[in-house]
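Chain identifiers are assigned alphabetically (A, B, ...) following the order of the sequence lines, protein sequences preceding nucleic acid strands; residue numbering begins at 1 within each chain.
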2 protein chains.
Amino acid sequence: MTTQPLVLPPQATQVGLAVDVVAFAMDAGKLQVLLVKRGELPHARVWAMPGGFVQPGEELHEAALRELRTETSVHLEPRHLEQFYTFGQVGRDPRGRIVSVAHLAVLPHGAARVVPGGHTLGAEWHSAHQPPPLAFDHQQILNRALGRLQVRLEYANLALEFLPDSFTLPELQVVYEAIQNRKLDKRNFRKRLLSQGVLTPCGERRIGVGRPAQLYRRAKNARVAAL
Amino acid sequence: MTTQPLVLPPQATQVGLAVDVVAFAMDAGKLQVLLVKRGELPHARVWAMPGGFVQPGEELHEAALRELRTETSVHLEPRHLEQFYTFGQVGRDPRGRIVSVAHLAVLPHGAARVVPGGHTLGAEWHSAHQPPPLAFDHQQILNRALGRLQVRLEYANLALEFLPDSFTLPELQVVYEAIQNRKLDKRNFRKRLLSQGVLTPCGERRIGVGRPAQLYRRAKNARVAAL
DNA sequence: TCAAAAGTGTTAGCATTACACCCATGC
DNA sequence: GCATGGGTGTAATGCTAACACTTTTGA
């Protein structure tokens, strides 16, 4: 398809098109969200999701990846990236009409080291359930991202994306518990997960005290999220 | 919040912001989608979802309602309207970078009479599962809308929105069957719906031949879709 | 031998599915 | 009385939730 010059009807509104990325990871058994401290007005020195304007010719998901990389120097690829809602309320940004396509990202374990980049003053992981005060409508964005993450957890096997290639069942259970924000029964959890047949055993892990744990990785027939 | 003049960073992309509306209704036991025949290039004389550009200062859902009204003269209020995905792929519209926030609407029974408006050559209901060829990426948009509708059906009681205030259980079952595109067992369906306790009996309907049917309406404690 | 973490089965309740006949009405 | 559409019950199965003790290791 050849792209012709932009000739829009007169009533077409010109808006700023942005993406924001709600990036989750697990650390110390807690669900964490990646925030940057803004270096510019508006909301300078306030925490916000990494995000920014889409560049000409850039796909939405590419823009999301770029913002994640340049604002936070997360060098690991997200294991999951999906658009989940578009925030376009008039007045959500004092600079004018800015519409933000919000994305949900899952980063694997080991992504916990991040450094700030771009115009930000810092990039840090924070508790996803009790974040600091957030700029713009980013608390709303976070809430909706959490809801979507919880749905995806049941629906696809999104929990696996938080962990390294091989992991133990107790580790996986911690991911479920952190996202659902409740305790699960160990026996029922194991039964359910193992009966799905998506986990293959692969050796043992013996670290620290206590009985060594069976290691698993995802089976070949890994099904990923639909919709 | 005071809105200042638009001062965007230089890298901000100016894009056309549009909404499209996938409006569903039931007719003759079939799930129908509302299409308009485009009167202008590109894709003149091709069927498409009603939609168009968002106006300055206009909220996204307001724009969706306006397009629905002006392009199709549907005067009934949609019973349900939600944003479900944003389509922004480069090249999806030959006129330039146009991002469309797609909305899902449910129109009640009786909305079947529509007349074209705006710049369109026609507005008609078509089979949602076998539509005619569609303009732009509108087949993709329709597919995703159908997926979302199916999820909402189980999740909320969205089926009620397709029907008039009072309805019979066989009528309700037809809605479920049309959306899920499969047959359901009458007895199991009744058991499930009635046990939810969201339906209140209200009189009988005696039309045509056959035994009169019990009429129901939604109970006071009507819960609506979340997320 | 103790602390720490991993692992293991059974039962009861509930929801889902499959399945076939009688009832009320208009013509 | 028959065609049309509305209404009803039960049994089997599978899933979910609740519940406590044993095993393996390092210190």
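Residue B:Tyr216 is the one, among A:Pro212 and B:Tyr216, whose nearest nucleotide of DNA chain D lies closer to the 5' end (criterion: closest heavy atom).
Contacts of residues 169-191 of chain B with DNA chain D (heavy atom under 4.0 Å): B:Pro170, B:Lys186, B:Arg187, B:Arg190, B:Lys191.
One distance of note links NE2 of B:His103 with CD of B:Glu67; it measures 11.5 Å at 0.5 Å rounding. Atom CG of residue B:Asp93 and atom CG of residue B:Asp137 lie 8.5 Å apart, to the nearest 0.5 angstrom. Rounded to the nearest 0.5 Å, atoms CG (A:Leu104) and CD1 (A:Ile141) are 12.5 Å apart.
Contact detail for A:Arg79 and A:Asp165: the closest heavy-atom pair is NH2-OD1, 3.9 Å.
For A:Ile207 and C:dA4, the CD1 to P distance is 16 Å, given to the nearest whole Å. Atom CZ of B:Arg205 is separated from atom P of C:dT25 by 16 Å (rounded to the nearest Å). Atoms CD (B:Glu154) and C1' (C:dT16) sit 13 Å apart, rounded to a whole Å. For the pair B:Arg192 CZ and C:dA18 P, the computed distance is 13 Å after rounding to whole Å.
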One pair to check against side chain to side chain contact (heavy atoms under 4.5 Å, CB included): B:Leu160 and B:Phe162. What are the steps and the verdict?
CA-CA 5 Å; B:Leu160 301 184; B:Phe162 282 89; over 6 Å; no
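With hydrogens and angles left out, the side-chain atoms of B:Gln150 and B:Glu154 include no donor and acceptor closer than 3.5 Å.
Between the B:His80 side chain and the B:Leu107 main chain, no donor and acceptor come within less than 3.5 Å of each other.
Remark: B:Arg148 fails to qualify as a cation-pi partner of B:Phe84 under the 6.0 Å distance and 45° angle criteria applied to the six-membered ring.
On the nucleic acid side, DNA chain D has its first and last nucleotide under 4.0 Å of a heavy atom of chain B at D:dT4 to D:dT10, going 5' to 3'.
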